[in-house]
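Reckoned from all heavy atoms, side chains included, excluding hydrogens, waters and symmetry mates. In each ligand, atom 1 is the first atom listed, and ligand 1 is the first ligand listed.
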Amino acid sequence: MKLPVYLDNSATTPMDPKVLEAMLPYFLENFGNASSRSHVYGWAAEEAVDIAREQVADLIGAHPTEIVFTSGATEAINLATKGTFESHFGKGNHIITCVTEHRAVLDSCEWIERNGGKVTYLPVDETGLINLQNLENAITDDTILISILYANNETGVLQPIEKISAIAKKHGVLFFTDATQAVGKILVNVQDDGIDLLSMSGHKLYGPKGVGALYVRRKNPKVTIFPQIHGGGHEKNMRSGTQNVPGIVGFGKACALCMANLNNESEIVTQLRDLLEQKLLAIDGARVNGTTENRLPNITNMSFDGINGDNLLLEICNEIALSRGSACSSVTSKPSHVLMAMNVPDELALSSFRFSLGRFTTLSEIEYSCKAFAEIVEKHRNNLKLSAVNI
Ligand code: PLP
């Protein structure tokens with residue numbers, strides 16, 4: 001077993017070796033620019049991008065022409081939110097989102113506010129869910145976009161996406177969902193879910209980093225967004241810049257692998273996650289944060305009473321690689337905004353950990369991790385008691 005055991009798959013997944021294999025020819029042999037229309041190098045690259053576009057579209061039930069390749073989910077989120085805001089200039093300027101969104105959504109919304117827009121931030125309850133009546137009440141004549149996270153990156157909690165999209169549709173408002181953590185882990189289908197815009201990322205589904213996509217609905221309704229990166233008019237004028245061909249090929253392959261294994265993989269990961277949770281709940285003062293009913297198969301967020309979370313992470317880092325929450329905010333030792341919004345007391349939020357499993361997690365890794373975690377918690381608590389006595 002390779003140590004430390006990797007239980008931080010929500011920060012990034014290891015790349016599947018089959019993805020690397022698919023990418024390799026596009027670095028050296030087929031190095032062409034997918035926009036070069038006058039020779040075979042360009043044609044080969046363009047063909048590879050077309051295939052990847054189909055693979056990405058297939059995974060979410062979209063049409064290939066609805067896929068805009070980006071540098072990742074952060075860029076896709078910026079494009080969806082700011083791009084919708086700018087395309088609706090003079091027709092409405094209000095966006096509804098939620099306090100537990102990823103920073104990429106929250107920061108884009110702050111930018112929108114600085115540029116004359118209005119944003120409503122819906123609260124969540126203790127289980128991490130928004131209230132649908134609150135959502136409907138927040139809609140005004142100026143509302144142009146509802147942006148609600150599909151699955152939370154810290155807790156795995158799934159919002160009621162179909163009900164949210166039904167409300168959006170009833171009021172003629174576009175619905176964007178950041179599905180970065182959900183796509184490839186559970187079945188996401190833009191038609192069944194009634195989604196107009198959706199962000200996703202290669203490195204969360206065993207593909208490469210630095211590539212992602214925005215799904216943009218082409219009919220019923222046809223969604224128009226303004227580009228945020230200007231240049232040569234790539235990606236149907238929605239995102240200029242020479243396409244990252246090897247990255248896009250890898251992203252496509254990763255999506256095809258997820259599509260082929262989704263049900264089986266999700267069942268195995270759920271069993272391993274449930275086993276881990278059950279064993280860790282046996283530790284004194286342990287609890288799970290967020291609903292356990294509707295959540296991703298691979299995440300559990302747990303708090304342990306009387307622990308200094310940051311210290312414990314360091315104490316355990318040779319045994320288990322895990323994090324307190326989002327990788328983007330893991331450098332701060334502030335309580336997570338997601339847990340705070342769920343009314344988790346500060347002290348417990350600071351002693352919480354996100355355990356995120358993946359395709360390559362094994363039963364022996366889970367058994368090893370549970371044992372190591374319980375031992376380190378005990379040692380940590382004893383040390384805290386000793387230092388309290390010495391004071
Ligand atoms: N949205 C969610 C829910 C995420 O978990 C992440 C990554 O942590 C992102 C967006 C940003 O993705 P990327 O790294 O592709 O920019």
Side-chain angles (χ1 to χ4, degrees), residues 6-15 19 56 59-60 67-83 97-111 124 128 130 147-159 161 164 176-186 188 195 197-215 228-229 239 241 244 247-248 250-252 254-255 258 290 295-301 321-332 336-339 341-342 354-358:
Y6 188 66
L7 292 183
D8 204 12
N9 285 272
S10 295
T12 195
T13 47
M15 209 159 75
V19 169
V56 173
L59 182 60
I60 58 168
I67 301 298
V68 177
F69 285 119
T70 63
S71 63
T74 299
E75 189 194 325
I77 290 165
N78 274 262
L79 180 55
T81 50
K82 298 179 192 173
T97 187
C98 158
V99 286
T100 52
E101 295 285 311
H102 189 270
R103 281 260 44 110
V105 171
L106 296 174
D107 289 356
S108 296
C109 284
E110 280 172 24
W111 181 91
V124 294
I130 61 161
S147 166
I148 301 289
L149 192 63
Y150 205 115
N152 188 274
N153 48 304
E154 296 193 23
T155 59
V157 168
L158 297 167
Q159 296 292 345
I161 292 298
I164 296 171
F176 162 57
T177 185
D178 172 16
T180 306
Q181 294 286 350
V183 174
K185 315 288 164 41
I186 55 169
V188 173
I195 295 163
L197 292 149
L198 172 148
S199 54
M200 55 195 288
S201 178
H203 74 106
K204 306 289 187 184
L205 42 75
Y206 312 95
K209 295 173 183 56
V211 62
L214 180 67
Y215 157 78
Q228 300 300 304
I229 297 181
R239 198 274 186 184
N244 166 9
I248 289 173
F251 182 29
C255 287
C258 286
R295 58 177 171 161
L296 289 177
N298 65 316
I299 299 183
T300 178
N301 188 306
L322 83 161
S323 61
R324 284 214 289 114
S326 157
C328 316
S329 42
S330 63
V331 280
T332 73
S336 129
H337 74 283
V338 173
L339 297 183
M342 289 160 60
R354 174 185 66 184
F355 299 85
S356 52
L357 291 65

Can you name the atoms of ligand 1, numbered from 1 with element, that are less than 4.0 Å from a heavy atom of [X]?
X: Gly72; value: 15 (O)
X: His203; value: 13 (P), 14 (O), 15 (O)
X: Ser201; value: 13 (P), 15 (O)
X: Asp178; value: 1 (N), 2 (C), 3 (C), 10 (C)

Given that the side chain starts at C-beta and the backbone is N, CA, C, O, which of these parts of [X] lies under 4.0 Å from ligand 1, counting heavy atoms, or is it both or neither?
X: Thr74; answer: both
X: Val105; answer: neither
X: Ala104; answer: neither

Compute the minimum heavy-atom distance from Thr12 to ligand 1 and say whether it is under 4.0 Å.
no
Is the closest heavy atom of Leu149 to ligand 1 under 4.0 Å?
yes
Are [X] and [Y] side-chain neighbours, meaning at least one heavy-atom pair lies under 4.5 Å?
X: Ile229; Y: Glu75; answer: yes
X: Glu154; Y: Thr100; answer: no
X: Val157; Y: Val124; answer: no
X: Phe69; Y: Val56; answer: yes
X: Thr12; Y: Tyr6; answer: yes
X: Ser336; Y: Arg324; answer: no

Say whether Ser199 and Asp178, considering side chains only, have a donor N or O and an acceptor N or O under 3.5 Å apart.
yes
Just go through Glu154, Lys209, Gln181 and tell me whose heavy atom is the nearest to atom 5 (O) of ligand 1.
Gln181
Heavy-atom proximity to atom 6 (C) of ligand 1 ranks first, among His102, Glu101, Arg103, for His102
Counting only nitrogen or oxygen atoms and a 3.5 angstrom limit, does Glu75 reach ligand 1?
no
For ligand 1 and Ser10, I'd like to know whether there is a polar contact (N/O to N/O, distance under 3.5 Å).
no
Side chain to side chain contact (heavy atoms under 4.5 Å, CB included) test vs Leu296 passes for just one of Ile186, Thr155, Asn152, namely Ile186
Could you check His102 against Gln181 for side-chain contact (heavy atoms from CB on, under 4.5 Å), going step by step and ending with a plain yes or no?
CA-CA 11 Å; His102 189 270; Gln181 294 286 350; over 6 Å; no
